[in-house]
Number of protein chains: 2
Amino acid sequence: MELAEAKLKFIEAWGKLGSEWGINRTMAQVHALLLVSPEALTTEEVMAELSISRGNANMTLRDLIDWGLVEKQHKTGERKEYFYAEKDTWIIARRVAEERKKRELDPVIKILGQLSEVKGDEKDPAFKAFNSSVKDISKLANNVNTTLETMLKAEENWFFGSIFKMFKK
Amino acid sequence: MELAEAKLKFIEAWGKLGSEWGINRTMAQVHALLLVSPEALTTEEVMAELSISRGNANMTLRDLIDWGLVEKQHKTGERKEYFYAEKDTWIIARRVAEERKKRELDPVIKILGQLSEVKGDEKDPAFKAFNSSVKDISKLANNVNTTLETMLKAEENWFFGSIFKMFKK
DNA sequence: TTAAACTTTCAAAAAAAAATGAAAGATAAT
DNA sequence: ATTATCTTTCATTTTTTTTTGAAAGTTTAA
């Protein structure tokens, strides 16, 4: 396999994984393209490499910037904007975890908290089942939350060095 | 808030969370409905509660069974099939982790492994960037994999008791 | 200012994903 | 063997998501 083919495979795999996890396929592909590019690329280059429209490229790049995965660069004497992807996997993982926590986990924890407060007839099986499921899920969500928060504070080496070693015990 | 309203909110929240994570909204909603039902429900009941078609209910319930989150029950003297959801959050979390690992992580790790093997000109920046990104992501994916494997073997109390305490250090 | 170079927006179109429901397929009781 | 009950399938429709591209907006320089 040569580089060009491998690149395509990588972009395709990253796009598929993204879409399976609720991330726009094109966004994941643009991210993959930038990840394997040593230099920052222009919108034109992204459009050409992935055969996507200008509007799509523009919006996708903006989203990637919002996620903290890509940054705009300016070259002296040039009007064009260049886009460069953060290459450090630890930082990528943290940024993704951070965003998804904020966008998805936090709201759901809030709702679960409210639902845990619902009062009802302790003798009613429907109420008991509701209450117990909601409380258990709420606990789990809070555990995940705490774990993520600690991870977001943690240092890379500490994390990679420890977490799965611990599990192996 | 009363139970009926709370139930709807829970189903809605669970459906939304699911769809954000690449899981069919209706499937997540059916799961939520069964989670808060003390008794097993029939296809008819699921259809009525969520206003969905027979075909949709049937396929969704089958998928939930494939995920190991729901089981068929038969009541003596009845032809109808009843569906009951596993209520233990630890088991739910494990089943979801197990399935997604198998369906999504394993395939991507395989591809990353192949792409790590690609040979090229060490002097070419494009090759260097490709190689280094792929190898780093490959490492990360393998770490996640190992962590998941250990988690899948682990016992509930051990897991919840330790993982986030460890992070707090 | 004017105009060229580049970026952003968004209504409309296209594509992808999900849902419908009628018909076919099972199964079990009569 | 027939019928009634219940389950599954899948071509079609509907809904949702994503993409397009032309027009509007912005910035810089002459």
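Residue numbering restarts at 1 for every chain, and letters A, B, ... go by the order of the sequence lines.
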Within residues 68-79 of chain B, the residues having a heavy atom closer than 4.0 Å to DNA chain C are B:R79

Regarding the side chain of A:N56, the nearest nucleotide among D:dT20, C:dC6, D:dT18 is D:dT20

Sorted by chain and residue number, the ring-ring contact (aromatic ring centres under 6.0 Å, His included) partners of B:F10 (sequence neighbours excluded) come out as B:W14

Run the salt-bridge test on [X] and [Y] with the 4.0 Å N-O cut-off and return the result as yes or no.
X      : Y      : result
B:E20  : B:K16  : yes
B:K9   : B:E12  : no
A:E104 : A:R100 : yes

Hits for side-chain hydrogen bond (donor to acceptor under 3.5 Å, both in side chains) against A:R54, two or more places apart or cross-chain, chain-then-number order -> A:E44

Sorted by chain and number, sequence neighbours left out, side-chain hydrogen bond (donor to acceptor under 3.5 Å, both in side chains) with B:K75 holds for none

Tell me if the NZ atom of B:K87 is crowded by more than 12 foreign heavy atoms within 6.0 Å. yes

For the pair made of [atom1] in [X] and [atom2] in [N], what is the distance, rounded to whole Å?
X     : N      : atom1 : atom2 : answer
A:K80 : C:dT8  : NZ    : P     : 15 Å
B:D66 : D:dT8  : CG    : P     : 11 Å
B:Q29 : C:dA18 : CD    : C1'   : 12 Å
B:L61 : D:dC6  : CG    : P     : 16 Å
A:E81 : D:dT26 : CD    : P     : 14 Å
B:I23 : C:dA17 : CD1   : C1'   : 15 Å

Separation between NZ (B:K110) and CD (B:Q114), nearest 0.5 Å, reads 6.5 Å

Here the residues of residues 46-55 of chain B within 4.0 Å heavy-atom distance, strictly under, of DNA chain D are B:R54, B:G55

On DNA chain D, more 5' by nearest nucleotide between B:M59 and B:E44 is B:E44

A correct 5'-to-3' footprint of nucleotides 11-17 of chain D, with B, S and - meaning base, sugar-phosphate only and no protein heavy atom under 4.0 Å, is -------

*asked:* Looking at B:V46, is its backbone amide N or carbonyl O close enough to the side chain of B:E49 to form a donor-acceptor pair, meaning the two atoms are under 3.5 Å apart?
replied: no

Would you say B:N58 reaches D:dT7's phosphate, i.e. side-chain N/O to OP1/OP2 under 4.0 Å?
no

Heavy-atom nearest pair, B:E99 first then B:D66, reads OE2-O, 3.9 Å

Practice prompt. Consider only side-chain heavy atoms of I, L, V, M, F, W and Y, link residues closer than 4.5 Å, and tell whether B:L34 and B:V96 are in one cluster.
Written response: yes

